[in-house]
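Throughout, a chain's letter reflects where its sequence line sits, starting with A, and its residues are numbered from 1. Keep in mind the model is a prediction, meaning the values are calculated, not measured.
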Protein chains: 2
Amino acid sequence: MGGTPPDFESLLLLTLVAELGSLGQAAERMGISQPAASKRLAMLERRLRLALVDRGSRGSVLTTEGKAVCQWSERVLAEMESLMAGVAALRADRDDDLRVASSMTLAEHFLPRWIGALRQRSPDVRVSLKVTNSEQAAAMAGRGEIGMGFIEAPAVPPGLSSRQVGADRLVVVVAPNHPWARRRLPVEPAELARTPLIVREPGSGTRETLERILTGIDVEPARPLMVLDANAAIRAAVVAGVGPAVLSVITVREELADGRLLEVPVAGVELHRRLHAVWPKGRRLTGSAQELLSIASRRRRARATSVRES
Amino acid sequence: MGGTPPDFESLLLLTLVAELGSLGQAAERMGISQPAASKRLAMLERRLRLALVDRGSRGSVLTTEGKAVCQWSERVLAEMESLMAGVAALRADRDDDLRVASSMTLAEHFLPRWIGALRQRSPDVRVSLKVTNSEQAAAMAGRGEIGMGFIEAPAVPPGLSSRQVGADRLVVVVAPNHPWARRRLPVEPAELARTPLIVREPGSGTRETLERILTGIDVEPARPLMVLDANAAIRAAVVAGVGPAVLSVITVREELADGRLLEVPVAGVELHRRLHAVWPKGRRLTGSAQELLSIASRRRRARATSVRES
DNA sequence: CCCACCCATAACTGCAGGTTATTACCTCAT
DNA sequence: ATGAGGTAATAACCTGCAGTTATGGGTGGG
């Protein structure tokens with residue numbers, strides 16, 4: 001019923017037609033011939049079973065449906081661009097100008113975009129990205145192996161300069177059929193500590209933050225229900241009903257929004273935390289590192305001024 | 001240098017391998033044979049020039065790079081799913097249970113997700129979506145042609161029941177090379193009114209809100225610099241340096257974040273506005289309309305409690 | 001030790017997506 | 001009117017990628 005999803009080239013073609021107002025020009029921009037573009041677009045319309053563009057003899061213009069699909073396509077393409085920027089940065093060679101290490105959560109949600117923005121304004125700088133956990137990233141920054149690290153640890157390790165680039169919050173999440181989903185009262189920290197949870201491996205910022213919170217209570221913490229080394233895997237396990245987990249709200253935004261996961265309030269403990277850029281203390285930031293830092297912090301400033309923008 | 005972007009199926013395959021831990025099982029889930037999956041993945045790795053999975057004889061596990069790419073892929077796939085949900089809803093037949101109309105801004109950024117969530121929990125309801133502007137959507141709701149409308153007008157028209165489902169803010173944006181980008185002082189409303197702007201067509205919520213603000217000042221408003229009927233087109237024009245525009249911050253989030261556009265502060269006028277669901281007054285909401293409304297407002301509640309989550 | 005499961009390779013096939021060449025159409029200017 | 005210059009669609013052909021089945025090489029558990 002849903003049909004097969006369209007391919008990225010077709011979506012790009014649609015956006016180009018919207019921008020340029022002509023199939024032929026869009027084809028040229030994509031480096032293909034006009035008939036190829038014509039066929040592609042016809043194919044796309046057939047697959048979606050929607051009339052997307054009105055072909056006039058004086059150019060083509062998107063239909064109302066076409067405009068909507070075009071906007072949605074742009075979002076898909078933007079994510080794809082982020083992915084490609086991230087992939088390019090993962091391909092670390094030794095001849096790159098700026099080497100960056102990052103915790104998983106930050107790498108997943110922010111770094112491709114930042115790196116993409118950096119490449120966009122200085123296309124010739126080569127940035128490489130190493131994805132680890134907060135502990136490792138901080139250690140690499142401390143040893144000077146990298147130009148900049150991005151961490152989500154509760155405290156910035158000594159010997160590092162730092163600057164806050166964002167904030168997030170940990171949430172306790174369960175599947176909708178979990179007993180906690182029907183609670184009216186918040187969970188007490190002691191109860192949370194006694195409950196086996198699905199957690200990340202030691203060293204990850206998420207786990208460190210959680211343990212720091214729970215050790216404040218004089219309750220023997222329960223053994224983990226399951227240890228997984230990727231936020232996505234934990235998220236999938238919670239959705240599948242394996243048990244509760246504590247995750248960054250960033251990583252479960254979608255699931256909370258559409259009801260696949262529910263947030264369980266926790267009484268009295270502060271689950272906010274800050275995201276930091278760190279670099280070796282006293283080191284003069286190179287041009288590109290400086291630029292990346294300013295991109296990361298500009299984003300933060302922009303967010304601070306906008307009220308519930310998305 | 002960047003290489004061609006990977007195709008959708010390969011990204012899905014990667015996420016399935018991550019989830020299931022085996023190429024063969026992932027292949028089965030996708031409805032293809034195991035060798036096909038093997039070849040696809042090898043192809044993907046060759047194109048990205050990254051080792052994504054460690055093949056052991058007792059299953060396959062993602063490498064560190066693979067995990068990162070997998071996470072980014074999930075974001076691409078999520079946007080693609082939204083697109084497909086929206087496309088399915090655009091394909092209006094006359095035998096659908098719930099007909100929805102929406103302004104462009106809301107349709108672009110929220111409705112596919114909401115409709116997707118609705119379909120996910122009640123897969124058999126058929127939802128159709130008509131994308132217009134706020135004025136039209138409100139009128140259709142008033143005439144009872146649709147079960148629910150989503151509008152961004154400054155005021156809810158009389159004769160409609162409504163509920164707030166979100167909020168956003170209008171911003172004045174310019175390209176980085178525009179004179180206003182270097183201003184230190186905010187723009188005065190009178191100056192904004194005198195300046196030719198790139199605007200949407202009359203009837204759009206964005207334009208109505210803008211005009212309502214500017215008519216408060218006793219200055220003859222300048223004629224529009226350009227009238228375009230899509231937010232994306234306006235955005236592209238501003239980026240290209242055609243001139244300033246006033247847009248919803250939602251639609252220029254990316255561009256503000258990576259510096260392609262700059263926000264120009266405006267002195268003294270309130271540019272916030274509310275996003276509303278509307279339906280014919282007194283009409284009892286049907287089950288699916290009720291459900292959609294609760295999805296839309298739940299999202300809002302979740303946002304209200306989360307602090308700078310994204 | 002063998003079975004069960006993992007994955008890769010080989011040889012073959014089909015079709016999607018590209019090309020060039022050509023046609024049809026509309027609009028505008030002469 | 002009429003030709004020029006733009007638009008898009010169609011036809012015929014070619015290539016190669018993605019799928020298939022068949023097979024073989026690993027490795028770990030009963």
NZ/NE/NH1/NH2 to OD/OE distance under 4.0 Å, B/R235 and B/E255: yes
Candidates A/T251, A/N231, A/N133 - the one meeting side chain to side chain donor-acceptor pair (under 3.5 Å) with A/T105: A/N231
Rounded interatomic separation in angstrom, taking CD from A/Q25 and C1' from D/dA8: 13 Å
Please report the C-alpha distance between A/L197 and A/L210 in whole Å, then the side-chain angles of each, then the deciding distance to 0.1 Å, and finally whether the side chain to side chain contact (heavy atoms under 4.5 Å, CB included) criterion is met. CA-CA 11 Å; A/L197 300 172; A/L210 173 63; 4.2 Å; yes
About how many Å separate NZ of A/K39 and CD1 of A/I32, when rounded to the nearest 0.5 Å? 10.5 Å
Separation of atom CD in B/E9 from atom C1' in D/dC17, rounded to whole Å: 12 Å
Distance col, row A/Q71:CD vs B/M104:CE, nearest 0.5 angstrom, shows 7.0 Å
Please work out which residues in residues 13-24 of chain A have a non-hydrogen atom less than 4.0 Å from an atom of DNA chain D and list them by number. A/S22, A/L23, A/G24
Calculate the interatomic distance between A/Q34 atom CD and D/dG6 atom P; express it in whole Å. 14 Å
Atom CD of A/E74 and atom CD of B/E108: how far apart are they, to the nearest 0.5 Å? 7.0 Å
Before you tell me yes or no, could you show the steps for B/F110 and B/I115 under side chain to side chain contact (heavy atoms under 4.5 Å, CB included), namely the whole-Å CA-CA distance, both residues' side-chain angles and the distance that decides it to 0.1 Å? CA-CA 9 Å; B/F110 297 110; B/I115 291 174; over 6 Å; no
For A/G59 and for A/K39, locate the closest nucleotide of DNA chain D by heavy-atom distance; then report the residue assigned to the nucleotide nearer the 5' terminus. A/G59
Given atom CG of A/L41 and atom P of D/dT7, what is their separation to the nearest angstrom? 15 Å
Between the protein and nucleotides 24-29 of chain D, are there any N/O to N/O pairs under 3.5 Å, and if so, what are the atom names and distances?
{"from": "D/dT27", "atom 1": "O4'", "to": "B/S57", "atom 2": "OG", "distance (Å)": "2.7"}

With the threshold set at 4.0 Å, does a side-chain nitrogen-carboxylate oxygen contact exist between B/R75 and B/E79? no
Rounded to whole angstrom units, what separation is found between the CZ atom of A/R40 and the P atom of D/dT10? 18 Å
B/R40 vs B/S10, side-chain hydrogen bond (donor to acceptor under 3.5 Å, both in side chains): CA-CA, chis, key distance, verdict: CA-CA 6 Å; B/R40 269 208 108 101; B/S10 299; 3.3 Å; yes
On a heavy-atom basis, the closest approach of B/P244 and B/V174 is CB-CG1, 3.6 Å
So does B/R55 have more than 12 non-hydrogen atoms from other groups sitting under 6.0 Å from CZ? yes
Looking at A/S38, I'd like to know whether one of its side-chain N or O atoms comes within less than 4.0 Å of OP1 or OP2 on D/dA9. yes
How long is the line joining CG of B/D7 and C1' of D/dA18, in whole Å? 10 Å
Contacted region of DNA chain C by chain B, from 5' end to 3' end of the hits, cut-off under 4.0 Å to heavy atoms, spans C/dC6 to C/dT9
